[in-house]
Amino acid sequence: MYEADLITASWLEYFEYISFSIYDWVLVFALMFLLLEFGNDAITKRLNRERMLESLSSIFTLVPYFLVEAVIFAGVIYLFYGVYELIPWKQPVNAYTIMLVLLLADFAYYAEHYFFHKVRLFWLSHSVHHSSTMMNTATAFRFGMFDPVLPVLFHFPLILMGFHPTLVIGAEVLVLTYQFWLHNEMIGKLGPLEWLFNTPSHHRVHHASDEKYLDKNFGGILIIWDRIFGTFKQEEELPNYGLTTPMTSKNPVTVQFYEFPRLYKDLTSAKNAREFFGYLFHGPGWRPKGYKAGKTVEQPTAAQTES
């Protein structure tokens, strides 16, 4: 028993080290790639004040995001480890279960990402990530401050299945880390890899505001979930990015809270509880039956391609 505990501890320590080390190195790579993109923009004469401000605006959204993330992460540690200790069924910790929990975490990401786009209350925060009208590595760091909340709900079932919290958290970190390289226009299509993995081409579709691309390609590492559940769309031409109702401000505060007054106005216009909760839990473009345009501010629908 003692030897088995040592093996388990070794696997956990190794996986935790690998997942967070990869995360740290990818941050370094992302910064270098962003500089490379700026260089390419300068050569192609696309680099201008607006693109620089848009990139800075994206990066500044990290400040409130990390503050909320720190609080959420502390709660996750307490919740996940506390519940795990109460579960009598526990999955072994080895190479096979690590691969399995990574696969399940990737599916959990697909599910949470889908709900981010399909439930307006969740879109309230996630729309920040999609509000940029350009696509570069800085967009990968463009987060709504409440984005860390929903992943907890979708990864918690993995704890209830008996997977060790270190594996679940590490797998979530790896799936999130994978997203950084997807946000760019410099990398084209990647041949056979496009069938199995999420790629920059697939993710550009996800960030598009073009009608034919809306609500497509929600995958994290793998694109197979989109192919299975009918949310896949191939990139046919370079998309237009952003929200269907454009948000052009470069002010980080406006970027962070752009959707809040729009939702508030709709909620205060609701005539009954059904309409009130409809605005909260239906999709971003939902309107009650008999709604007449012009009565309230038009709402943007989920604009996507991306991450």
Side-chain angles (χ1 to χ4, degrees), residues 26-70 113 116-117 123-148 176-177 179-188 200-201 203-210 213-214 235 237-265 284 297-307:
V26 165
L27 290 178
V28 175
F29 167 79
L31 177 60
M32 295 173 62
F33 197 82
L34 180 60
L35 294 176
L36 181 63
E37 287 176 302
F38 285 151
N40 182 68
D41 284 348
I43 293 173
T44 57
K45 301 186 185 306
R46 288 205 305 170
L47 187 63
N48 54 36
R49 182 175 180 272
E50 182 176 358
R51 290 181 71 84
M52 290 295 295
L53 288 176
E54 185 79 355
S55 297
L56 288 173
S57 179
S58 294
I59 293 171
F60 274 119
T61 64
L62 285 174
V63 177
Y65 171 82
F66 278 139
L67 291 175
V68 175
E69 172 74 4
H113 201 177
F116 264 131
H117 284 259
W123 177 249
L124 192 68
S125 179
H126 190 61
S127 61
V128 174
H129 185 66
H130 283 271
S131 61
S132 177
T133 56
M134 59 183 288
M135 187 68 156
N136 66 2
T137 304
T139 309
F141 296 93
R142 192 182 183 100
F143 292 115
M145 63 187 297
F146 299 111
D147 279 359
L176 180 63
T177 301
Q179 309 296 308
F180 289 117
W181 80 287
L182 301 178
H183 298 78
N184 68 82
E185 292 181 332
M186 292 183 64
I187 299 176
S201 175
H203 208 57
R204 288 192 290 268
V205 168
H206 179 70
H207 272 269
S209 59
D210 308 279
Y213 288 148
L214 292 179
E235 183 184 38
E237 68 279 322
L238 205 61
N240 296 300
Y241 307 114
L243 304 175
T244 55
T245 300
M247 196 290 300
T248 58
S249 175
K250 306 299 184 289
N251 186 320
V253 177
T254 302
V255 169
Q256 192 66 238
F257 296 104
Y258 177 72
E259 270 295 303
F260 282 71
R262 302 170 74 83
L263 176 59
Y264 175 78
K265 187 165 186 176
V297 177
E298 182 186 356
Q299 292 300 320
T301 54
Q304 31 264 48
T305 318
E306 166 224 49
S307 142

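Positions are given from 1 along the sequence. Small disclaimer: the values here were computed from a predicted structure and weren't measured.
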- [ ] Please examine the side chains of Ser209 and Tyr241, heavy atoms only from C-beta on, and report whether any two atoms are closer than 4.5 Å.
- [x] no
Open item on the list: For Ile59, is there any backbone N or O sitting under 3.5 Å from a side-chain donor or acceptor partner on Arg142?
Closed with: no
TODO: Measure the CD-NZ distance between Glu50 and Lys250 for me, rounded to the nearest 0.5 Å.
DONE: 4.0 Å
TODO: Please answer whether the main-chain N or O of His126 pairs with a side-chain N or O of His130 as donor and acceptor at a distance below 3.5 Å.
DONE: no
- [ ] Nearest 0.5 Å please: distance from the CG atom of Leu36 over to the CG atom of Leu31.
- [x] 11.5 Å
TODO: Could you tell me whether a side-chain N or O of Thr254 sits under 3.5 Å from a main-chain N or O of Ser249, the two making a donor and an acceptor?
DONE: no
TODO: Answer yes or no: is there a side-chain heavy-atom contact under 4.5 Å between Glu37 and Thr137?
DONE: yes
Open item on the list: Using modelled atom types and a 3.5 Å cut-off, is there a donor and acceptor pairing between side-chain atoms of Asp210 and backbone atoms of Asn240?
Closed with: yes
TODO: Measure from the side-chain N and O atoms of Thr44 to the backbone N and O of Asn40, and report whether any donor-acceptor pair falls under 3.5 Å.
DONE: yes
- [ ] Output the distance between atom OG1 (Thr61) and atom CG (Leu56), rounded to the nearest 0.5 Å.
- [x] 11.5 Å
Open item on the list: Per the ring pair (Phe, Tyr, Trp, His ring centres under 6.0 Å) rule, what does the pair list look like for residues 45-68, sequence neighbours excluded?
Closed with: Tyr65-Phe143
TODO: Any chance you could lay out the side-chain contact (heavy atoms from CB on, under 4.5 Å) test for Ile187 and Leu182, step after step, and finish with the verdict?
DONE: CA-CA 9 Å; Ile187 299 176; Leu182 301 178; over 6 Å; no
Open item on the list: If I take atom OH from residue Tyr258 and atom CG from residue Asn251, how far apart are they, to the nearest 0.5 angstrom?
Closed with: 13.5 Å
Task: Residues which pass side chain to side chain donor-acceptor pair (under 3.5 Å) with Glu235, listed by chain and number, not counting sequence neighbours - done: Ser201, Arg204
Open item on the list: Could you check whether Phe29 and Phe33 have their ring centres less than 6.0 Å apart?
Closed with: yes
Task: Any residue meeting side chain to side chain donor-acceptor pair (under 3.5 Å) with Ser127, in chain and number order, not counting sequence neighbours - done: none
Task: Test item: Met186 and Asn136 side chains (from C-beta on) under 4.5 Å apart, heavy atoms - done: no
Open item on the list: Tell me whether Arg46 is salt-bridged to Glu185, with the criterion being a basic N under 4.0 Å from an acidic carboxylate O.
Closed with: yes
Open item on the list: Quick one, Met134 with Ser55, criterion side-chain contact (heavy atoms from CB on, under 4.5 Å). Give me CA distance, side-chain angles, the key distance, then yes/no.
Closed with: CA-CA 9 Å; Met134 59 183 288; Ser55 297; 3.8 Å; yes
Task: Test side-chain contact (heavy atoms from CB on, under 4.5 Å) applied to Ser132 and Met247, step by step - done: CA-CA 8 Å; Ser132 177; Met247 196 290 300; over 6 Å; no
Task: Heavy-atom side-chain contact between Phe260 and Leu124 under 4.5 Å - done: yes
Task: All side chain to side chain contact (heavy atoms under 4.5 Å, CB included) counterparts of Thr133, not counting sequence neighbours - done: Glu54
Task: Partner residues of Met52 under the side chain to side chain contact (heavy atoms under 4.5 Å, CB included) criterion, sequence neighbours left out - done: Phe38, Leu47
Open item on the list: I need the minimum non-hydrogen distance between Ser131 and Val255, along with the two atoms involved.
Closed with: OG-CG1, 4.0 Å
- [ ] Side-chain contact test, heavy atoms from C-beta onward, threshold under 4.5 Å: evaluate it for Pro284 versus His117 and give yes or no.
- [x] no
Task: Any residue meeting side chain to side chain donor-acceptor pair (under 3.5 Å) with Asn184, in chain and number order, not counting sequence neighbours - done: none
Open item on the list: Any non-hydrogen side-chain atom of Leu27 less than 4.5 Å from a side-chain atom of Phe141?
Closed with: yes
TODO: Measure the CD-CD distance between Gln256 and Glu259 for me, rounded to the nearest 0.5 Å.
DONE: 12.0 Å
TODO: Would you give the length of the straight line joining atom CZ of Phe116 to atom CH2 of Trp123, rounded to the nearest 0.5 angstrom?
DONE: 10.5 Å
Task: Contact check, side chains of Thr245 and Arg262, non-hydrogen atoms, under 4.5 Å - done: yes
